[in-house]
Structures are given as structure tokens and as C-alpha cells.
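Contents: one structure, followed by commentary.
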Number of protein chains: 2
Amino acid sequence: MNEQMTRPQADKGDGRKVSPTRLKVLQVAANLFADRGYSGVGVNEISEATGLGRGALYYHISSKEDLLYDITTAYMSDLITDGRAIADAETDPVERVRALSRALMMTISEHLSEMTVCFRELHALTDERRRAVTGLHSDYQAIWAMALADGLTKGVFKPTPSVVLKGLLGMYFYSFLWLTPRGPQNAADIGNAFADVVLNSVRK
Amino acid sequence: MNEQMTRPQADKGDGRKVSPTRLKVLQVAANLFADRGYSGVGVNEISEATGLGRGALYYHISSKEDLLYDITTAYMSDLITDGRAIADAETDPVERVRALSRALMMTISEHLSEMTVCFRELHALTDERRRAVTGLHSDYQAIWAMALADGLTKGVFKPTPSVVLKGLLGMYFYSFLWLTPRGPQNAADIGNAFADVVLNSVRK
DNA sequence: CTTCTATTGTACCGATCGGTCACCACGATA
DNA sequence: TATCGTGGTGACCGATCGGTACAATAGAAG
């Protein structure tokens, strides 16, 4: 679906063949974008923060928007992958919701800058790529929707309107604004607390 | 405390008279900022969209950031004013939460562009003004916190961790991303649905 | 008719925007 | 030695950035 167009010959065969320099650029750019917004950060700033000159920077990236796209998709894809693994592994609907909740909060907490960009800078992407990212968001929401539907068929949950699911996910997504990354343990606690909120609303 | 600047129209006991041209500029700018982000919109674009030349535009505003500040504070101040009125008028904790919920969703829905900017473009403000706006957010959260505390003392609610309240408010705030002003459900319906979510989590 | 104030258009400022360019340093291989 | 691929430099491009200067316009008052 989402082809990672890195550089000419970079990572076609092996999946983890992204140059460490590019990785560093992605991290630095994510921090800057999270701080001042995509349009508020110039390539000059990224150049200085990474210690690379303009030319060297553009050797590792193809465009500034390319950078944004990679940042917004990286951990959202992970979220989907992990979410599907949880859905496959956990059969109890209640425990599945709890696991999804913890995983979501921990990912947001551990990659706060990237998730901030992912949730807040969608508008800066051009049409095609924005549609790709919103597609990822839909895919992730579908994982939760299926978890709730499973609980419904098993008689544990009551029907949940999609607007309520959107709201509940917004509860997680909006946390980038007030969350302070203190560690995964803290994030897990919040995940558990939010899971209670969800379960209180979807349980029979 | 935070009401020194101009607010759209003088229907709320605001003595200041705002020129209709400035009002138009604020509306147009809010739409543009919501669409492409504060830093992504140039004053040239605002100039063209309003039909005013650069000089004429700067006769009505003092700076681009001034515009952003007014947009972010206008309806957040209204939210606080209305919220306090609701808190004073409604003594039943459950009904107070429902009223707050409906009012919040209706304000977000009716002024979607402005609220989008308010929730998403905070980082573009300079320190002093950003602190002022985050202060407004805190003030608004305090209104909800007092509503929950009131329900607690009346024996209707159980204690609610502040992190849960932040999450529940995020459920509302994040809705700017998927809300459609003329969507299948009206804002009051969504407000009621969200109120149920809140009440399911705070009720004894 | 002046004279004033309120509003507007246009040319312009220095700075910065995203992106490209020719050129270069260096290790590996032949 | 010569060649090549990888990674890097820094000047440079046209366009646009937020903001200013200033003359021109209009309408009401005198």
C-alpha cells in the first residue's frame, strides 16, 4: 500500500536498511515539527539541527514533505501492526480493549513528537498523501470497531455508535497536548484509566 | 481576566465596537488557518481572500499573530462565559454535565474553523500569548472539574482523576478533525452521546 | 471651496522559503 | 594508478515571507 520511497537503492530487499543518518534526520525533524509546526520550520533549521548542510540534507531526503509523510506514517503503521497482533492474540473482548488502550497510550508517550505531528499536521500534506494517512487512521479505527463488534457478538458489549468510537479515540489522540513523557509505566496507567472509560461506555 | 482584546460583535456585554471589516478579516483568516495552518497561510493570501490590499489589511490588524490570537481567544472566552452561566443555572450535577456537553459540541460545530485553530495552532503563538490561551483552556477545564466535584459532594459522582477529565475533554476537542457541520448527526445529539460517555465514567 | 479624518492601493524592504547546482573528500576496488 | 559510489559543501535560484511607506481616495464638516 504505502511504498516507502527512500533513496535510489536503499531498502528494497531487507526491511531495516534505512541509513542511520536518515533516521536521525527523521527524529530531529519530528521534534522540530512538533514544536513549531510543519510550515513553521524551515529546511535551514533542520539543516542546522542535524549538523548537515543543505546539500547533504537533500541527499538523504527527497523533499520536506517527504519527511513529513514518513514521520506521520511510521508509528501509525506500527500502531496498526501491533493492534492487529493484539486483536489476534486476545480473545476476551474486555482484555482486548485494555491491551489496545495500553498499547496506544504507550506508543503515543514513547514517540510523542512523531504522534503529535501525525495528529496535528495532517493538513500540511498534499492530497494524495493526506488521503493515505487518513486511510491509516481509518484502518486503526477499524481495529477498535472490530474489537467492539466482537464484544457485541459475544454478548459482553452493547452497540456503540461510530461517533462515540470517534470520540473515544479522540480522547487518546488529543493526549499529545498535555502528555508529559515520564516513562512507559505512567503511560500504561493512563492506558488503563482510559480503558475503564471506554469499557464503562461500551459494556452491557 | 483574559478579556482585554476585541471579540466578535458586541452581543456579550463587550463595550468595544469592532469594525465589520475586521470581523470579516477574522472570519476569512480563521477559515484559511483551519485549512492550511497558521504558518502555511501568508498575509498575501488573506489579502486576496478578503479583497483588501496589503496596506488596507494592516490598517485593520496590527500583525498576523494578532489575528491568530483573536481567533483563538474569541470563542474560547465564550465557552467559559457560557460554561459559568450553565454552572450557575443548573444545580443537578447530571444535568449540568449534559448542558456543558451540549454547549461545548454546539460551539465547536458552529465555529469549527475558529475552534480548529484554537485547538491546533496554539504552538504558533509567542510565549506570552500562548500562556494566555492555555490559561483559558485551564479555566474551561476548571469549570468541568467543579461540576464533577459538585456531583461528588452531592454523592452522585465518584472521584475522577484529573487525567481522566483531560481525556474526556480531549474527546470533545479532537472532534474538530472529523466533525462535519452539516453531518448526519447534529451537534446536540453528539453532545448528548458524549455526555453519556462522561456520565458512565464519573457516576457512582 | 477648503480641510480633516478614515480607509485603501501599490511599490517596496530585507529576510527567508524550498530546492538545485557544480564541485569535492575519501575508501574500496580493479 | 585510475575509476567509482557514497556522502558532504556552500553558493545560488526565483519566489514568497511579514511588514512598512506613502500617496491617493472618499465623504463629512466647516
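Reminder, nothing fancy here: chain letters follow the sequence lines and each chain counts from 1. Computed from a prediction, not measured in an experiment: that's the story for all the values here.
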From CD1 of Ile61(A) over to C1' of dG18(C), roughly how many Å is that when rounded to an integer? 10 Å
I'd like to know if Arg203(B) and Asp196(B) make a salt bridge, using a cut-off of under 4.0 Å between side-chain N and carboxylate O. no
Classify the nucleic acid contact of Gly53(A) as base, sugar-phosphate or nothing, counting any heavy atom under 4.0 Å across all strands shown. sugar-phosphate
Which of these nucleotides, dT7(C), dG18(C), dT20(D), is closest to any side-chain atom of Arg54(A)? dG18(C)
Shortest side-chain distance from Ala56(A), nucleotide among dG8(D), dT7(C), dG19(D): dG8(D)
Rounded to whole Å, the CG-P distance (Leu52(A) to dG10(D)) equals 12 Å
From CG of Leu57(A) across to C1' of dG7(D) the rounded distance in Å is 13 Å
Check: Tyr75(B) and Ile108(B) side chains under 4.5 Å, non-hydrogen atoms: no
Against the side chain of Asn44(B), the closest entry in dT8(C), dG7(D), dC17(D) is dC17(D)
Answer with yes or no whether the side chains of Ser39(B) and Tyr38(A) bring together a donor and an acceptor at under 3.5 Å. no
For Gly42(B), report the nucleic acid contact type (base, sugar-phosphate, nothing); a contact means any heavy atom under 4.0 Å. sugar-phosphate
Kindly point out which of dG19(D), dG18(C), dC17(D) is positioned nearest to the side chain of Tyr58(A)? dG18(C)
